[in-house]
Amino acid sequence: MAVREAKPPRNERVMAKGWIQAVVLVSLLGFTVLGFMAARTYQAEPPIPDRVVTPSGALLFSGNDVRAGQDVFLRNGLMEFGSVFGHGGYLGPDFTADYLHRAAILVETSYGGAADARQRTVDDFRTNTYDGATRTLVYTEAQADAFESLARHYHDFFADPAGNHGLRPSAIASPDDTRHLTAYFSWSAWVSAAERPGKAYSYTNNWPPEALVGNSPSANVVVWSVLSLIALLTGIGALLAVFGRWNWLGWHGRDQHELSFRPPDRVALTHSQKATAEFFLVMGLLFLLQSLVGVASQHYRAEIGGFFGIDTDRFLPFNIVRTWHVQLSIFWVVSSFLAVGIFLTPMIAGHKEPKGQSVLTQLLLGALVVVVLGSLLGELGGIHGWFGGLWSWFGMQGFEYLDLGRFWQILLTVGLVFWVVILYRGLRSRLRVEHRTNMPWLFFYAALALPAFYAVGLLAHPRASYAVADFWRFIVVHLWVEDFLELFTTVMVAYLFVLLGVVRQRVAMTVIFLDIILYSSGGVIGMAHHLYFNGEPAEVLALGAFFSALEVIPLTFLTLEAWSFLQLGIKQESKSSTPFPHRWAVMFLVAVGFWNFLGAGVFGFLINLPIVSYYEIGTALTANHAHASMMGVYGMLAIGFMLFCLRYLLPEDKWSDKAARISFWSLNIGLAWMCFVTLLPLGIVQLYRSVGRGYWAARELDFLTNNLNALLGWMRLPGDVLFIAGGVLPLLWMGFQGVRYRGSHQDVLDDDDLLLFTEVTPLPADPPGGALIEIR
Amino acid sequence: MTVHPEAAFLSGYALFLTVVAAALGRLGRRATDPWSSPMLTASRPPGGAASDPGHEPGWPHSEVPAFHLVVGIVALVAALLLILVSLVRHHRPVESVAQAGVLLVVGIRIARLTRRHRAVRRAAMLSDHN
């Protein structure tokens, strides 16, 4: 009888049960409420009538025309040019507000333009004439005439052979397509003004602000703004009181052990770690490309007619360069995250990697390059109609941030799963001996969440109704980017400090658990702050407003505690007999702290209240928040991770502190310049106009390209040049050097070759096994 | 005689950036352990600071004041440029006087923050060498 080999005992649980229970409870609560919101989205979405008719019963357009209009909108990348329901690009108009305003003027004019004409117009738009039994919507004669006029107007706009509005000339020439588009815009305008059955506000909570149809902030918009402010102030006060007064986390002034950092060239690297050098070169290239197309998209606001006399709209129209800018912002950041995950795995595992890891890593890089190039070219081909009926699979799927075709989207998801498999292979022997709530497992769970939540974006199908598609889209835009990337980031940063020996595993795990609790309590439900005005019911607005205000609390708190966390690091650094090798990686973390507070916290909260969002959604204030938080937080993190890895990949004599310093200051100064000179003032001007004249006026092309706005656009140029030349190019150079010299590093011969520090003194409070357990 | 709305907006915005820069300058003066801030007195245990009171900030905390000051200076240079451009575009007497006043305020703040930045850099370098 064969004797079964005994399983090795698992290391004991590091965190107390209370922490684990709290994480499970808060996460369960968050996702239960999220599930409730998903159900309400399906139940309460605005109906798409089967038929929209005149009072005499003549068909104006059908439900299929509306759906076909959404197809035309998406496959031509119009969501990256303008927007519907406030969501999308910032150059073109918001077509919901634009149609509503134009139609209201036409209707009011048809009624003679006198005082009672205004009231009749309001009545026409606010009275809900949709019959659920017959699925028929009746427009008044004046509304029907307005529809016909606007069908001609939009045809002239999209089929214009001269271009000059950021789209390619004759972008959509087919009269059928432009009529379908008009039907789609008309439906969205109807949704935004017609009152929900039994309610005194429209399907979009009275958005957009439009006096001509009586759209003004609903009671929900005002009341939940006030309540969310109170929640914020109370929450911050309570948190500061509890954590400051009783010092719950208890990491101030602890950790007395001494250590010595190993010089980077004495740390051996595995083959897969060396292979990550290529990821960083690709990351640098993608970052450069993203910045260049960002400049091109910004240039359209300064000079709508072309690029210094070149008609760029013929081959690189605004909707394409913005699509690429948005998609590449995810691609290059994710490239860094994938690479650093692979890089850290052998260090976490604490021993040599299994065979084939390096090959798998290179396969993953190849797949990433294929997905990036394929999806970008597909988007370009998509707006030219290269893919016929398969446009949503290989061309431009068209949802902002999920622009890539579904084929590429699935490949990317598979690639992320493949990455998790690589991590699992590397970690397997370590996971086997660790309690399932200890740090190596947290690292694995956080990695596993990335493909899982990215895959949710597949539910945002082009044929789904707008509110439903938008709900799933924001699971990716918000929950994936803002919560699960944040979680993975926290785990990786905490692990970096553990691997470097500057904090103990228990301290790092406390940070991770706290992060999960705080972000889950606000961030998961707070996702609904994107859904205030897109056709979701008022309870989603209320939940979004209340819980997203709570999101600022962890931002504030973790900014405060991040310093205490770093403080531990410097205490250890001062004790080390060898210099700390990651000066510039940590400086980028310092920048992350600043931008997390300013970009995500201040600029985010500035636009978060429903009453502010009501007027500013889709203006440069949103772009201001997006740039300061996406580049300021995730961009700086990705670069910090890159520098951490390159410090080991590059031989000592090839490492350049100067290049890292130049890049650090250029990126931060360039980003601050971008916000202070262009995005913030432009957003303020737009907000003022939106409140004063109406949302449509803040988004109209003539206003966006007027003298002042064009001037603000031009003034961004020095900052952008500094950002690219001083910030991006040195990183690209370092990435290139990493590939060039990656083979010169010694291979791992012994497990101890992977350690990043030595001379660890035993810690009395540590679990059995001593310091070695702490660092692995 | 009225000031052109564009000049009024840019002047107001430049002054706002001056306030932002001043706030960043003040942040740069404080210890980087935020729990030691007087604002959080009520949140600390009675009779003591949450952090080590005698601790001299070392790296990377020594870099933080410089970082805040640089971002503050960027805000001020942005303000300066915006006002200069506005002055070129709108220079009737009353507009010129108003914008020159703002320019003066911004200029003084730039000089002060730049001096502070130099002092902070010197202190950080000394701290690094020690």
Side-chain angles (χ1 to χ4, degrees), chain A residues 236-247 252-253 556-557 559-564 566-567 569-571 573-574 580 583 586-587 589-591 593-595 597-598 602 664-665 668-678 680-681 684-685 688 706-708 711-712 714-716 718-719, chain B residues 4-7 9-10 12-14 16-17 20-21 24 27 31-37 39-46 48-64 66-68 70-79 81-82 84-86 88-89 127-128 130:
Chain A
I236 286 187
L239 206 77
L240 290 178
V242 169
F243 283 96
R245 185 168 284 271
W246 289 296
N247 197 9
H252 307 294
T556 309
F557 180 71
T559 303
L560 292 175
E561 281 304 318
W563 285 114
S564 303
L566 278 176
Q567 192 85 23
I570 61 158
K571 283 180 182 172
E573 199 234 343
S574 62
F580 183 60
R583 182 182 189 89
V586 170
M587 283 301 287
L589 292 185
V590 170
F594 175 80
W595 289 108
F597 183 72
L598 181 71
V602 177
F664 174 81
W665 287 112
N668 280 287
I669 292 172
L671 182 59
W673 187 266
M674 188 188 301
C675 293
F676 291 142
V677 168
T678 303
L680 185 58
I684 294 170
V685 171
Y688 189 82
N706 73 11
N707 267 342
L708 174 63
L711 174 72
L712 292 173
W714 277 112
M715 287 177 67
R716 190 172 140 173
Chain B
H4 190 279
E6 185 180 299
F9 168 70
L10 291 177
Y13 182 68
F16 165 73
L17 287 182
V20 170
L24 286 166
L27 263 179
T32 48
D33 177 2
W35 289 108
S36 64
S37 163
M39 284 170 66
L40 302 181
T41 307
S43 301
R44 282 199 294 270
S51 60
D52 181 359
H55 181 74
E56 282 295 316
W59 184 86
H61 293 245
S62 54
E63 300 277 0
V64 174
F67 185 82
H68 285 145
V70 168
V71 178
I73 291 168
V74 172
L76 286 171
V77 174
L81 190 64
L82 287 167
L84 282 175
V85 170
S86 176
V88 171
R89 288 157 65 95
S127 157
D128 277 3
N130 293 334

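In the text below, chain A, chain B and the rest are named by the order of the sequence lines, each starting its count at 1.
- Nearest heavy atom pair, residue B:Phe9 against residue A:Ile684, reads CE1-CG2, 3.9 Å.
- Neither the backbone nor the side chain of B:Ile73 comes within contact range of chain A; no heavy atom of the residue lies under 4.5 Å from a heavy atom of that chain.
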I'd like to know whether A:Asn668 forms a side-chain contact (heavy atoms from CB on, under 4.5 Å) with B:Val74, so could you lay out the CA-CA distance, the side-chain angles of the two residues, the decisive distance to 0.1 Å, and finally the verdict. CA-CA 10 Å; A:Asn668 280 287; B:Val74 172; over 6 Å; no

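- In terms of modelled atom types and a separation under 3.5 Å, the side chain of B:Tyr13 and the main chain of A:Val677 share no donor-acceptor contact.
- Contact annotation: the side chain of A:Phe676 never approaches that of B:Leu76 to less than 4.5 Å [non-hydrogen atoms, C-beta and beyond].
- Using cut-offs of 30° and 60° on the angle between ring planes, the pair A:Phe594 and B:Phe67 is perpendicular.
- Using a 4.5 Å cut-off between heavy atoms, B:Val77 touches chain A through backbone and side chain atoms alike.
- Heavy atoms closer than 4.5 Å to chain A are found in the side chain of B:Val70, but not in its backbone.
- We find the CG-CZ distance between A:Leu708 and B:Arg89 to be 7.0 Å, quoted to the nearest 0.5 Å.
- For B:Leu17, the part lying near chain A is the side chain, with the backbone staying farther off; criterion is any non-hydrogen pair under 4.5 Å.
- Heavy atoms of A:Tyr688 lying under 4.5 Å from chain B are absent altogether.
- Each of A:Pro681, A:Pro718, A:Gly719, A:Ala591 has some count of heavy-atom pairs under 4.5 Å with chain B, and the biggest count is that of A:Pro681.
- Contacts between A:Leu598 and chain B at a heavy-atom distance below 4.5 Å are absent for every atom of the residue.
- Using a 4.5 Å cut-off between heavy atoms, A:Leu711 contacts chain B through its side chain alone, with no backbone atom that close.
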